[in-house]
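What follows is a set of notes on a single structure, which appears directly below.
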Amino acid sequence: MNIDILYNNAIGRCLMKVIQNSGAIKLTAKFLNSGLSRPMIAGYIEKNRIDMKLFEGQTYDSFASFFSRKKDDFYCETNPDTIISPCDGLLSMYPITSGMIIPMKGSHYRLTDVIPDEETAQQYKDGLCMVFRLQASDYHHFCSFDDLTLKETHFIPGKLHSVQPIACETVPVYRLNRRWWSILDTDHFGQAIQVEVGAMMVGGVAFEREKGSFQKGEEMGCFVLAGSTIMLFVNSSARERLEFIEPFTDAMNGEKEVPVTMRETIGRLK
């Protein structure tokens, strides 16, 4: 189904509500976890032009197991003065303005729309919000952007809207969608918040562990069945010290979504 149909007119938006409030999402999840979904894999690879060279020899008993496929080898920049991307995707960045406002995708989100804890949200006043929007062709695992300790993770039940631009411009996706937000104590960027946002049709996240230490580039988890978005918040002190490198400077203020790969260096400490 073309996502635009569900968001660009009143009939489509009504259909979207019916889908979300029916049992269609649970049935879809059950099907995608079954062997009946295996024939979908080849078409999905071809349609999204996914390079499978790094997954040679792997077999999948369902579309779900294919979607969460894992790379065996990786390289990560170990320089402590750099910040790396936590995932594949399209990067856009937004300074948190007017104290607590994120001017994102034609909408204005309050920090508490995304992080529903006033005391925690206040710590990111005048900080920076980095948005990594995953596409169907992307690798749907995510890693630590610095050496860090994952202190706690909170789950927010919500809807499963698409994160395509048409949806983000029509509804406040990052306030309404199902999401997980975690407090991270990093070695070089102070305390940070990372938010994993679920999306249509079946948004879920599998974490490697819910607490503990992670080395820079170490896998922290993966999206299940449907990829979505990772939002990374750093405080005002880290924002002042960060200098982003080209072409990622073009992502500032949401001027452009810049392609990025997991563990790629996107900036350095001044």
Side-chain angles (χ1 to χ4, degrees), residues 49-51 53-55 69-96 102 104 124 126-151 163 181-197 205 207-208 212-223 227-270:
R49 299 179 181 179
I50 298 173
D51 185 355
K53 291 178 182 177
L54 293 175
F55 307 97
R69 66 196 180 278
K70 189 172 182 178
K71 295 177 182 177
D72 293 327
D73 300 317
F74 67 86
Y75 167 78
C76 180
E77 168 65 68
T78 57
N79 185 337
D81 292 332
T82 62
I83 182 172
I84 62 171
S85 173
C87 61
D88 287 2
L90 297 172
L91 170 63
S92 53
M93 297 187 285
Y94 304 88
I96 300 168
I102 312 167
M104 187 191 310
Y124 297 88
D126 302 322
L128 182 69
C129 173
M130 290 171 264
V131 180
F132 302 84
R133 185 169 65 84
L134 285 80
Q135 303 179 95
S137 58
D138 289 327
Y139 184 56
H140 283 80
H141 292 245
F142 53 91
C143 71
S144 55
F145 72 94
D146 188 31
D147 292 330
L148 58 83
T149 299
L150 171 57
K151 293 183 64 178
V163 293
W181 63 278
S182 302
I183 298 176
L184 312 174
D185 277 343
T186 76
D187 283 10
H188 304 97
F189 301 92
Q191 190 181 92
I193 295 286
Q194 185 162 296
V195 183
E196 293 86 25
V197 185
V205 172
F207 292 97
E208 288 291 311
S213 298
F214 291 83
Q215 292 184 330
K216 185 176 185 177
E218 183 179 352
E219 184 170 319
M220 298 183 72
C222 69
F223 285 101
S228 180
T229 298
I230 285 182
M231 305 174 75
L232 181 60
F233 295 86
V234 295
N235 59 34
S236 58
S237 175
R239 173 186 168 185
E240 290 172 0
R241 293 185 297 125
L242 265 174
E243 185 173 61
F244 292 93
I245 61 176
E246 294 184 353
F248 306 111
T249 50
D250 293 339
M252 190 60 73
N253 299 311
E255 292 181 4
K256 185 185 294 186
E257 287 187 309
V258 181
V260 65
T261 58
M262 180 174 168
R263 303 185 179 96
E264 183 176 4
T265 298
I266 60 175
R268 300 185 179 90
L269 292 174
K270 295 179 183 178

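All figures in this text were calculated on a predicted structure; none of them were measured in a lab. In what follows, residues are counted from 1 in the order of the sequence shown.
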Could you check whether any side-chain N or O of [X] sits under 3.5 Å from a backbone N or O of [Y], counting only pairs where one atom can act as donor and the other as acceptor?
| X | Y | value |
| --- | --- | --- |
| His140 | Arg69 | no |
| Asp88 | Tyr139 | yes |
| Ser228 | Val197 | yes |

Should Tyr124 and Gln191 be marked as a side chain to side chain contact (heavy atoms under 4.5 Å, CB included) after you check the CA-CA gap, both sets of side-chain angles, and the distance that decides it? CA-CA 9 Å; Tyr124 297 88; Gln191 190 181 92; 3.3 Å; yes
Any side-chain heavy-atom pair of [X] and [Y] under 4.5 Å:
| X | Y | value |
| --- | --- | --- |
| Val195 | Phe233 | yes |
| Leu148 | Met220 | yes |
| Val131 | Tyr94 | yes |
| Ile83 | Leu242 | yes |
| Met93 | Met252 | yes |
| Glu257 | Arg133 | yes |

Verdict with reasoning, Lys71 to Phe55, per side chain to side chain contact (heavy atoms under 4.5 Å, CB included): CA-CA 7 Å; Lys71 295 177 182 177; Phe55 307 97; 3.6 Å; yes
Other residues, nucleotides, ligands: >12 heavy atoms within 6.0 Å of Lys256 NZ: no
More than 12 heavy atoms of other groups within 6.0 Å of Glu77 CD: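 Yes - once you tally the heavy atoms of other residues, nucleotides and ligands closer than 6.0 Å, there are more than 12.
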So, for [X] and [Y], which heavy atoms are closest and what is the spacing to 0.1 Å?
| X | Y | value |
| --- | --- | --- |
| Ile230 | Cys87 | CD1-SG, 4.0 Å |
| Asn253 | Pro95 | OD1-CD, 3.3 Å |
| Lys70 | Glu219 | CE-OE1, 3.2 Å |
| Asn79 | Asp81 | OD1-N, 2.9 Å |
| Glu196 | Ser182 | OE1-OG, 4.5 Å |
| Ile245 | Arg268 | CG2-NH1, 3.0 Å |

Side-chain donor-acceptor pairs under 3.5 Å in residues 183-190, sequence neighbours left out?
| from | atom 1 | to | atom 2 | distance (Å) |
| --- | --- | --- | --- | --- |
| Thr186 | OG1 | Phe189 | N | 2.9 |
| Thr186 | OG1 | Gly190 | N | 3.1 |
| Thr186 | OG1 | Gly190 | O | 2.6 |
| His188 | ND1 | Asp146 | OD1 | 3.0 |
| His188 | ND1 | Asp146 | OD2 | 3.4 |

Return the [atom1] to [atom2] distance between [X] and [Y], rounded to the nearest 0.5 Å.
| X | Y | atom1 | atom2 | result |
| --- | --- | --- | --- | --- |
| Ser85 | Phe132 | OG | CZ | 4.5 Å |
| Met231 | Ser92 | CE | OG | 8.5 Å |
| Ser236 | Leu128 | OG | CG | 11.0 Å |

Thr82-Lys216 side chain donor-acceptor pair, cut-off 3.5 Å: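 There is such a pair (donor and acceptor under 3.5 Å, judged by atom type) between the side chains of Thr82 and Lys216.
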Check against side chain to side chain contact (heavy atoms under 4.5 Å, CB included), Glu243 and Leu269: CA-CA 6 Å; Glu243 185 173 61; Leu269 292 174; over 6 Å; no
Residues Leu90, Val258; criterion side chain to side chain contact (heavy atoms under 4.5 Å, CB included); working and verdict: CA-CA 5 Å; Leu90 297 172; Val258 181; over 6 Å; no
Donor-acceptor contacts under 3.5 Å from residues 259-266 side chains, at least two apart:
| from | atom 1 | to | atom 2 | distance (Å) |
| --- | --- | --- | --- | --- |
| Thr261 | OG1 | Glu264 | OE1 | 3.2 |
| Arg263 | NE | Gly217 | O | 2.7 |
| Arg263 | NH2 | Gly217 | O | 3.0 |
| Glu264 | OE1 | Thr261 | N | 3.0 |

Residue among Leu134, Val205, Leu232 satisfying side chain to side chain contact (heavy atoms under 4.5 Å, CB included) with Phe142: Val205
